[in-house]
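Some notes on the structure that comes next.
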Amino acid sequence: MQSCCAAFALVVCTLTVVPISPTSANAKPLGAADVPSGKDLFIEHCAQCHGNDGTGNGPKASTLKVKPADLTTLSKRANGKFDAARVADIIRFGGDISEHGTRAMPIWSLIFSNEAHGGKSGAAYSRRAVIELKTYLQSIQKK
């Protein structure tokens, strides 16, 4: 019985120490995906509606039912505090903003994950992209 338990413990220890390799030859290890800067992500994904400067004057703004928010005044509209958790939530899930979709449809987190080809590396890429975007939005707040 003791030798059986020792063998089982050895197998468990070995499995927890051996690194798991990517599933394809071209896949990058988890966390190694190069995430663009928050500014670059913003220009690529947000500027069409929110404008390059974040003030809500993007080229598609006039085609929307609701004018895009001025993202440079998030802190001002929240009594001087940048609500990082809410901003990250809106980036990931669209918040309660109909143009972004419903909470049941996590548009940006899904887009970012798909950009990194899904799976664990896609999820890691998505998390890092959300953090980069949130940090960039915090940096453009008007005083």
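Side-chain atoms are counted along with the backbone in the values below, which use heavy atoms only and exclude waters and symmetry mates.
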Work out which heavy atom in [X] is nearest to a heavy atom in [Y]; give both atom names and the distance.
X	Y	value
Ala88	Lys134	CB-CD, 4.2 Å
Tyr136	Asn52	OH-O, 4.3 Å
Ala61	Gly56	CB-O, 3.5 Å
Ala116	Gly122	CB-CA, 3.6 Å

Establish whether Ile140 and Trp108 are linked, either directly or via other cluster members, by ILVMFWY side-chain heavy-atom contacts under 4.5 Å.
yes
Tell me whether Ile90 shares a hydrophobic cluster with Ile131, the cluster being built from Ile, Leu, Val, Met, Phe, Trp, Tyr side chains joined at under 4.5 Å.
no
Look up atom [atom1] in [X] and atom [atom2] in [Y], then write down how far apart they are to the nearest 0.5 Å.
X	Y	atom1	atom2	value
Ile91	Leu41	CD1	CG	9.5 Å
Arg92	Arg127	CZ	CZ	10.0 Å
Arg77	Thr72	CZ	OG1	8.0 Å
Ser113	Lys120	OG	NZ	13.0 Å
Leu74	Lys81	CG	NZ	12.0 Å

Between [X] (side chain only) and [Y] (backbone N and O only), is there a donor and an acceptor less than 3.5 Å apart?
X	Y	answer
His50	Gly58	no
Ser126	Ser109	yes
Lys142	Lys76	no
Gln141	Leu71	yes

My understanding is that only residues two or more places apart in sequence, or in another chain, count here; which of them pass side-chain hydrogen bond (donor to acceptor under 3.5 Å, both in side chains) with Asp83?
none
Which residues satisfy the side-chain hydrogen bond (donor to acceptor under 3.5 Å, both in side chains) test with Ser37, sequence neighbours excluded?
Asp40
Report yes if some heavy atom in the side chain of Phe42 is under 4.5 Å from a heavy atom in the side chain of Leu137; otherwise report no.
yes
Between Phe112 and His45, does the ring centre distance come in under 6.0 Å?
yes
